[in-house]
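If you read the sequence from its start, that first residue is 1, and numbering goes on from there.
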Amino acid sequence: MKKRLGEALVQSGLASAEEVEAAAAEATVSHHRIGEVLVARGILEERDIYRALATLYGLGYQSSDQLLTLIDPALAHAVPQRFQQFYQVLPVAREGDGLLVATSDPLLEVPELGAALGARTVRRVMVTPTDLRRLRMAIELRQTDGAGAAPPVLRQADDLLAGDPGATESAQQLLDVLLLDAVAERASDIHIETYRGLTRVRIRVDGDMRDLSHYQLTEMQRLGLINVIKVRARLDIAEHRLPQGGRFVTRAGKQVFDIRTQTQPCLHGEHVVMRLLPQDNKMVGINELGFPPPIAAIYRRLLDSPGGLVLVVGPTGSGKSTTLYAGLQVLAADASRKVITVEDPIEYALDGIQQTQVRPEIGFEFANAMRAFVREDPDVILVGEIRDGETALEALRASQTGHLVLSTLHCNDTVDAVQRLSDLGMHPNSIGSELLAVFSQRLARRICETCRAPTYPPGDLAAEVFPDGIPETMHFFKGEGCDHCRGSGCYGRIAVIEYLPASPALRLAISRRAAVDELREHGLKAGLMPLRDHALELVSAGIIPLEELRAMLPPERLAPEHRADS
């Protein structure tokens, strides 16, 4: 079966022969299935494996979204749970005198199931194990109103995939399935919101919010779910009036996730947001960031600087930490330099780097760490984030005493970073003398490669971006929507960059407290690469849709920026 599946994956172009051979060898040693190894290595997704299996065995393949509209809960409850779990099968609906069943086992033959339910024939469709769990949970949520439900089992799950896959009313199991759902959809965040008589569950995928409409929770289910989340994140379950923040760790097979949890009291009850941070993903190198090659080369050169301040700025979730870790990997490979970091939290462990975690509960903050670091003879210091004037001051002092300082700021663009430092109370002369460069970035949605097709941009957007007419060299693409991207037309994200070098003229303008518009003008003369320019390169290359510019840029920046005469 391994050989046949591997051949099918290679023939369909989903994996290379080398990848399949390596996965088959590992599967033999580890006693796992070849598909599990390919998924764990990030080469394929679960649905790619099961779609290939369906083709191999002449079965249909359907997603849980397609089957949810067909499900007859009465059929599922007529079949013992032990039978469904043992055979990995779920009766979905009647088709005349036949029965439609969903299964994750392509070899399944269960004529007795059809006979027991009065059907002459049984038609099987393949689903992933994850989708099978979703369907079971959807059936349970439709059938129960929370009355008489068993009390939540408050336990720390070791592995979401190792739990009982049967439907249950337990709030703990509900959380496990919700987390598994989010992992399967590549979600970065889960939002549990409550309104008058309604609980809404949404996830954020590739920056967009999506409803999980099959989670129709009652009030008792919502309260039980929030209590379980609080217990896992070590929050006070009796506190409903104040926001709380915590975290917990869970696994889904070989994947480990750090779940950052935030609760917020609102009009109709508490809202909860859980951010899913994978802990075992491969770190991204500078060449894989998506930077234009000249900017990637500049970033590498800046890491060789003997001193000064390099900032990476942007909103929350724009990939700033990923960019800094890409640089840290280069520094870690240089044994001639000592590198110290202070972070909150430490997202990746790097050999060759001295990493430190802030501890606010005992008064050990970024500024305290910086003051201690300069006495430890470092060459490079990374500050996870400049949040206040004290940290900004220590970062500038360290850069003035012969240290290269890397850090992040939350602000809108490269020039705004200069204004932000000024707002934190930094002297303009210090900013002007120590600033080496600023990178500003956003994450844009990638067009799905499976369904990418040429297109023409909307007329109003084209007029805003190209007021003088669309250049002949410009090309536009969009994703038409397919099973791979779940109909969204986009799959994954890529960094879009703005780069500001600190020229002598810009340093002088900073020192004399020039206005932001004047600073930007000096930056453009010095070689500032606007975010718009990089975005349009990605648009023409068929990587992102033109519509992403509206999500990244204010209206006045959609058109080309003109450099005024000196």
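Side-chain atoms of Thr130 and Glu46 include a donor-acceptor pair closer than 3.5 Å. In summary, the side chains of Thr414 and Glu498 do present a donor paired with an acceptor at a separation below 3.5 Å, with no hydrogens or angles considered. Of the N and O atoms on the side chains of Asp211 and Ser213, not one donor lies less than 3.5 Å from an acceptor on the other residue. Gln441 and Thr323 share a side-chain donor-acceptor pair at under 3.5 Å.
Ring centers of Tyr61 and Tyr50: at least 6.0 Å apart, outside the cut-off.
One finds a salt bridge joining Asp258 and Arg260 here, because a Lys/Arg side-chain nitrogen approaches an Asp/Glu carboxylate oxygen to under 4.0 Å. Salt bridge status for Asp206 with Arg186: present, with a side-chain N to carboxylate O gap under 4.0 Å. In summary, Asp189 and Arg275 engage in a salt bridge, as defined by a charged side-chain N under 4.0 Å from a carboxylate O. A salt bridge is defined here as a Lys NZ or Arg NE, NH1 or NH2 lying under 4.0 Å from an Asp or Glu carboxylate O, and Arg136 with Asp131 fails to meet this definition. The residues Arg204 and Glu185 are annotated as not salt-bridged, no charged nitrogen and carboxylate oxygen being separated by less than 4.0 angstrom.
Side-chain contact between Gln354 and Thr341 is absent, with no heavy atoms from C-beta onward closer than 4.5 Å. Looking only at side-chain heavy atoms (C-beta outward), His410 and Thr316 come within less than 4.5 Å of each other.
For Arg124 and Tyr57, the positive end is not near the middle of the six-membered ring at less than 6.0 Å and at most 45° from its axis.
In Glu449, the CD atom is not crowded: 12 or fewer heavy atoms of neighbouring residues, nucleotides or ligands sit closer than 6.0 Å.
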